[in-house]
Peer 1: 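After the structure tokens below, expect a handful of questions from me.
Since the structure is predicted, the reported quantities are computational estimates derived from the model, not experimental observations.
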Amino acid sequence: MPLSRRLFVTALAAVTASAGSPQLAPDALAASGRPSVPVEPGYRIAISPGDTPDELVAKAAGLRPTERQIAWQRLEKTAFLHFGVNTFTGLEWGTGDESPDVFQPTELDTDQWARALRDGGFELAILTVKHHDGFVLYPSRYTDHGVASSSWEGGRGDVLRSFADSMRAHGIKVGVYISPADENQYLHGVYANGSARTTRTVPTLVHGDDRAGRKPRSFELQATDYGAHMLNQLYEVLTEYGPVDEVWFDGAQGRIPPEKVEHYDWDSWYEIVRALAPGASIAVSGPDVRWVGNEGGLAREDEWSAVPVAGAEYGRTDYALPYDAPDQGSREALAASRPVAQYLQWWPAECDVSIRPGWFYHADQQPKTVDELTDIYMRSVGRNSVLLLNIPPDQRGLLPAADVAVLRAFDERIGAELPTNLARTARTWGDGHHPALAVDGDPDTAWTAPAASKGVLYVDFGRQREVDRIRLAEDIRHGQQVEQVVVEARTAKGWTRVARAGTVGASRIVLLPAPVAARQWRLRVLGSRRPARIAEFGLYRSLG
């Protein structure tokens, strides 16, 4: 996986085209049934070289997430499961010419995976349906490099089927990772063969295809030979395994000669995902979710969801600033993104990291400690991002006992770090509208500050209470607006600053170095692009 990231960055220089990307149509999915403010259809806004810095900020303030993006952000943490031939060969990046018989899990139990993830507090899990080697974990009609060609289960095994059924049975949403790279298809002369983009019918029926008499829904899409191969596999996965809630792509190129670059058909891949899985977020080479820029699971201190982007080849959303730039969305970053940036877009960050040093299971590696995972949580979920934690199954087809124990303890630890919002039952007042809505525990209600760059919200416990954790959240249905806030406690010395934060977004967690005892607390908005809408002002005393 780390190698794939490096190749991904290298590939950007080789693949990025000068033509702008077509604007992806924003959408609003059906509401959940509860009253809410509808999401404005503006998750991407075009910018021009003549826009002033103030105009750029005003446009960024007007960005709104889709319902799909809101649902994804509220998951807070999601799970990744890297499982395939690499599990048995000991490699991190396979070769594509492995014998399918190497795949031999002896005790595959996806219910065990689901129980462990449920007990760890996860609500969505992503399976590596295909990694860069091209080996697929379901019986595909379009390759013989997969479980159907293995002697495991007599060629009748289907890990994806078992995974999807188990996750849903335990209340966990299903995500799929289908690597754009494919070493096996390169060996078969399909990947990076220089073929032209032409109109392809998807699904492309094969000899003896069981769908032939059923007239399956079909698409006419532009693709290369390999692009069509990917489209056909996406079609299988998205039509035969139930609802999918996340489709995860990276941008890795195969480990092939540099002149053999495959130009990925992103526009066609996005179109078929949108058509067949309209509720699925497309990450991280996709328009819904971006890679945070490292594989340590850590977001920036101030992480913006409203960021400048550029159009890349065939509709791919690309970074306007370096992918690992320390600032992606401040006023200074918006100005610095020109002339590369073509749009401002709601493109929130996902922080990926593995519980073990490798992405696939290796017997000589151990999982991270609860302390390490808690620190990662605070610096990902606590910084306006979603944590994507990889937990690799072992050669038995089970999550190792050590990892399962850590997951359970990690979830318990987060509960102890943020046990009960002490402000929930406190008296509130302040400027603007509806101050009590900042402490009611409902992410769809908010205190609204009276104007940009100002506003004060007060909380009174009725008696002195100790606080050492502060959690803030904006109502992101109205965008990300806050640029600076401070939290103050009324002590014997008067109002005393105990915490400062820049961005807030969907979640900002501040850890105080020591508990502070006070009866009255206040949140002061010092900078905001539009009036701040604070959905949570949480004051906590950890149990640790």
Side-chain angles (χ1 to χ4, degrees), residues 5-26 42-66 69 249-253 263-264 266-267 270 281-294 298-352 383-386 476 479-481 483 502-503 505 529:
R5 290 295 191 197
R6 292 196 291 274
L7 290 179
F8 160 66
V9 173
T10 302
L12 290 181
V15 176
T16 300
S18 59
S21 91
Q23 184 164 342
L24 296 172
Y43 90 106
R44 175 183 274 197
I45 297 174
I47 61 175
S48 66
D51 285 339
T52 67
D54 286 344
E55 288 171 334
L56 290 175
V57 172
K59 287 184 175 182
L63 289 170
R64 300 292 182 267
T66 65
Q69 290 172 314
F249 298 120
D250 55 20
Q253 284 282 325
H263 297 266
Y264 295 139
W266 296 110
D267 50 1
Y270 295 164
S281 295
I282 305 177
V284 293
S285 284
D288 297 320
V289 175
R290 67 180 162 89
W291 179 42
V292 76
N294 65 75
L298 305 180
R300 298 162 181 83
E301 179 73 26
D302 290 315
E303 193 70 68
W304 286 94
S305 295
V307 298
V309 302
E313 188 174 55
Y314 304 139
R316 183 179 175 277
T317 302
D318 201 2
Y319 302 88
L321 296 166
Y323 73 93
D324 57 353
D327 178 4
Q328 286 285 346
S330 71
R331 292 170 182 259
E332 294 75 18
L334 295 178
S337 70
R338 297 179 302 176
V340 176
Q342 297 166 295
Y343 307 96
L344 300 179
Q345 182 165 315
W346 191 271
W347 205 26
E350 180 177 76
C351 299
D352 63 331
R383 293 179 178 177
N384 187 39
S385 302
V386 170
I476 61 171
Q480 186 179 5
Q481 309 299 343
E483 294 177 305
T503 56
R529 294 173 177 180

Peer 1: Return yes if some donor-acceptor pair links the side-chain N/O of Gln328 with the main-chain N/O of Tyr319 below 3.5 Å, else return no.
Peer 2: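 No, the answer is negative, given that no donor and acceptor are paired below the 3.5 Å cut-off.
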Peer 1: Nearest heavy-atom pair of Asp318 and Ala312: which atoms, and what distance?
Peer 2: CB-CB, 3.9 Å
Peer 1: Angle between ring planes, Trp266 versus Tyr264, binned at 30° and 60°: parallel, tilted or perpendicular?
Peer 2: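 Ring orientation of Trp266 relative to Tyr264: perpendicular.
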Peer 1: Could you note down all residue pairs passing salt bridge (Lys or Arg N to Asp or Glu O under 4.0 Å) where residues 53-62 supplies at least one of them, sequence neighbours left out?
Peer 2: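 Output for this query lists Asp51-Lys59.
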Peer 1: Give me the atom names and distance for the closest heavy-atom approach of Leu63 to Ala306.
Peer 2: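 Looks like CD1-CB, 3.6 Å.
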Peer 1: Parallel, tilted or perpendicular: which one describes the rings of Trp291 and Tyr323, with boundaries at 30° and 60°?
Peer 2: parallel
Peer 1: Ignoring hydrogens, what is the shortest heavy-atom contact between Arg529 and Ala60? Give both atom names and the distance.
Peer 2: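 That would be NH1-CB, 3.6 Å.
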Peer 1: What residues form a side chain to side chain contact (heavy atoms under 4.5 Å, CB included) with Leu298, not counting sequence neighbours?
Peer 2: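 Per chain and number, Leu298 pairs via side chain to side chain contact (heavy atoms under 4.5 Å, CB included) with Asn294, Ile376, Arg379.
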Peer 1: Show the nearest heavy-atom pair for residues Gln69 and Pro65, with the distance to one decimal.
Peer 2: OE1-CA, 3.4 Å
Peer 1: Going by atom types only, do Arg300 and Thr503 share a side-chain donor-acceptor pair under 3.5 Å?
Peer 2: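 There is no such pair between these side chains.
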Peer 1: Which atom names give the shortest non-hydrogen contact between Pro308 and Ala341, and what distance separates them?
Peer 2: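 Scanning both residues, the minimum pair turns out to be CB-CB, 3.8 Å.
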Peer 1: Considering residues at least two apart in sequence or located in another chain, which fulfil the ring-ring contact (aromatic ring centres under 6.0 Å, His included) criterion with Trp304?
Peer 2: none
Peer 1: Can you tell me if Asp288 and Thr66 form a side-chain donor-acceptor pair at under 3.5 Å?
Peer 2: no
Peer 1: Which residues pass the side chain to side chain contact (heavy atoms under 4.5 Å, CB included) test with Pro339, sequence neighbours left out?
Peer 2: none
Peer 1: Please enumerate all residues that pass salt bridge (Lys or Arg N to Asp or Glu O under 4.0 Å) together with Asp327, with sequence neighbours excluded.
Peer 2: none
Peer 1: Check whether any side-chain heavy atom of Arg64 sits under 4.5 Å from a side-chain heavy atom of Tyr43, and report yes or no.
Peer 2: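 No; the side chains remain at least 4.5 Å from each other.
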Peer 1: Are side-chain heavy atoms of Ser305 and Asn384 found at a separation under 4.5 Å?
Peer 2: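 They are in contact (side-chain heavy atoms under 4.5 Å apart), so the answer is yes.
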Peer 1: The criterion is side-chain hydrogen bond (donor to acceptor under 3.5 Å, both in side chains); which residues satisfy it with Gln481, sequence neighbours excluded?
Peer 2: none
Peer 1: Answer yes or no: is there a side-chain heavy-atom contact under 4.5 Å between Arg290 and Gln345?
Peer 2: no
Peer 1: Restricting to non-hydrogen atoms, name the atom on Ala283 and the atom on Val289 that form the minimum distance, rounded to 0.1 Å.
Peer 2: CB-CB, 3.5 Å
Peer 1: Does Leu334 reach the side chain of Pro53, with side-chain heavy atoms less than 4.5 Å apart?
Peer 2: no
Peer 1: What I'd like to find out is whether the side chain of Trp347 reaches to under 4.5 Å of the side chain of Arg44, using heavy atoms alone.
Peer 2: no
